Participant: 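Before we start, here is the structure in question, set down as structure tokens.
In what follows, chains carry the letters A, B, and so on, assigned in the order in which the sequence lines appear, proteins first and then strands, with residues in each chain numbered from 1. The structure displayed is predicted, hence computed values, not measured ones.
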Amino acid sequence: MAARFSDVEVGQSIPELQKEATTQTLVKFAGATGDFYQIHYDREFAQAAGLPDVILHGFLKKAFLAEAVSNWAGGPQRLRKLVAQYRGVDLPSRPGTQQLFTVRGTVTKKWEQDGERLVELQLEGVDTEGKVTTPGSAVVALAS
Amino acid sequence: MTVEQHQSTITEEHRAFIGKETPPGTHVIEAGAVRRFCDAVGLTDPIYTDLAAAKAAGLPERPVPPTFWCGIMAPGGELKRPNFDHFGSRNMNGGTEYEYLKPAYVGQTLTCTMQVADIYEKQGRSGLMIFTILENIWRDESGDVVTRGRLAGIRL
């Protein structure tokens, strides 16, 4: 069920979305977007750049944020703004080591403007250890 | 007490790149490209890939996924941007921002331009960082802005 503006209260949370990326996910994402920076698929290259392993693309994590917001708001057409900051790196799951990326969101503001009922969300992309690697925010226009 | 003169790493020559736009790149939003994108990011909502599902949701066509834009940018090779290779050791993507102004759907032909919107420096925990803000603007067939994107490239 899509969120309705009249039911939304500042401080409320949106349902958590849990995602998992494997090394195959990173290769698929590279192919789908044309981002072939080697730190996302070549472990030796990534380690030479000082990283522990290949890392998730920032835009892949942003897609996870967008999915959580779209699910709650009632579709991608509800989105008006989406911001993500890439503060920490996220690693893909490897056999025996599962890495999960969880998206959380909280309503921080609701208002009406230009005939639209807008809600602002504070977002957090959280790694398996509970560290917020990807803070963000969104503005959505909700049904009344 | 003497006031130390702060020497900026960013010169007038660097600043001259601000506002210089690339020629527009043209992109047809292909159903297959959207399907591969959805598969890559694990987006299972059928509205993106199934026209009947999109129509059942009240949409005229399959919508463009909200972050699909990252794969259809302006020709970056044509962007005239300042070179900060003499400074620091690596590049990072600090963050991105999308503003959605008009919906876009599979089958549309969109154009994208990119420009350096701003250049500035900032003192971070690990030292000085140079920010280059890139702005991408996607327009539809009638010239209306569909999505505006900003990306903070960091040199540190």
Participant: If hydrophobic clusters are built from ILVMFWY residues whose side chains come within less than 4.5 Å, do B:Leu110 and B:Tyr105 share one?
Facilitator: yes
Participant: Side chain, backbone, both or neither: which part of A:Ser70 has a non-hydrogen atom closer than 4.5 Å to chain B?
Facilitator: side chain
Participant: Does atom CD of A:Glu9 have more than 12 heavy-atom neighbours from other groups under 6.0 Å away?
Facilitator: no
Participant: For the atom pair CG (B:Asp45) and CD (A:Glu67), what is the distance rounded to the nearest 0.5 Å?
Facilitator: 8.5 Å
Participant: Identify the two heavy atoms, one from A:Phe59 and one from B:Thr96, that lie closest to each other, and give their separation to 0.1 Å.
Facilitator: CZ-CG2, 3.4 Å
Participant: Under 4.5 Å from any heavy atom of chain A, what part of B:Leu59 do you find: side chain, backbone, both or neither?
Facilitator: side chain
Participant: Answer with yes or no whether the hydrophobic clustering places B:Val64 together with A:Val140; edges join I, L, V, M, F, W, Y residues whose side-chain heavy atoms lie under 4.5 Å apart.
Facilitator: yes
Participant: Is B:Pro103 in contact with chain A via its backbone, its side chain, both, or neither, using a 4.5 Å heavy-atom distance?
Facilitator: neither
Participant: Can you tell which part of B:Leu151 gets under 4.5 Å to a heavy atom of chain A, answering side chain, backbone, both or neither?
Facilitator: side chain
Participant: Same cluster or not: are B:Trp69 and B:Leu101 linked, directly or through other Ile, Leu, Val, Met, Phe, Trp or Tyr residues, by side-chain heavy atoms under 4.5 angstrom apart?
Facilitator: no
Participant: Do you reckon A:Val69 sits in the same ILVMFWY cluster as A:Leu17, going by side-chain contacts under 4.5 Å, direct or chained?
Facilitator: yes
Participant: Cluster question for you: counting only ILVMFWY and a side-chain heavy-atom cut-off of under 4.5 Å, with indirect links fine, are A:Tyr41 and B:Phe37 together?
Facilitator: no
Participant: Which distance, rounded to the nearest 0.5 Å, do you find between the CG of A:Asn71 and the CG of B:Leu43?
Facilitator: 8.0 Å
Participant: Using a 4.5 angstrom heavy-atom cutoff, name the option from A:Pro135, A:Ser137, A:Ala66, A:Ala63 with the most pairs to chain B.
Facilitator: A:Ala63
Participant: Between B:Phe68 and chain A, which part of the residue has a heavy atom less than 4.5 Å away: side chain, backbone, both or neither?
Facilitator: neither
Participant: Counting only non-hydrogen atoms closer than 4.5 Å, can you tell me which residues of residues 20-36 of chain A sit against chain B?
Facilitator: A:Thr25, A:Lys28, A:Phe29, A:Ala32, A:Thr33
Participant: Could you tell me which residues in residues 73-95 of chain A have at least one non-hydrogen atom under 4.5 Å from a non-hydrogen atom of chain B, sorted by residue number?
Facilitator: A:Pro76, A:Gln77, A:Leu79, A:Arg80, A:Lys81, A:Leu82, A:Val83, A:Ala84, A:Gln85, A:Tyr86
Participant: Would the distance check show the side chain of A:Lys62 and the main-chain N or O of B:Pro66 forming a donor-acceptor pair, the cut-off being under 3.5 Å?
Facilitator: no
Participant: I need the residue from B:Gly94, B:Gly71, B:Ala57 with the largest number of non-hydrogen atom pairs under 4.5 Å to chain A.
Facilitator: B:Gly94
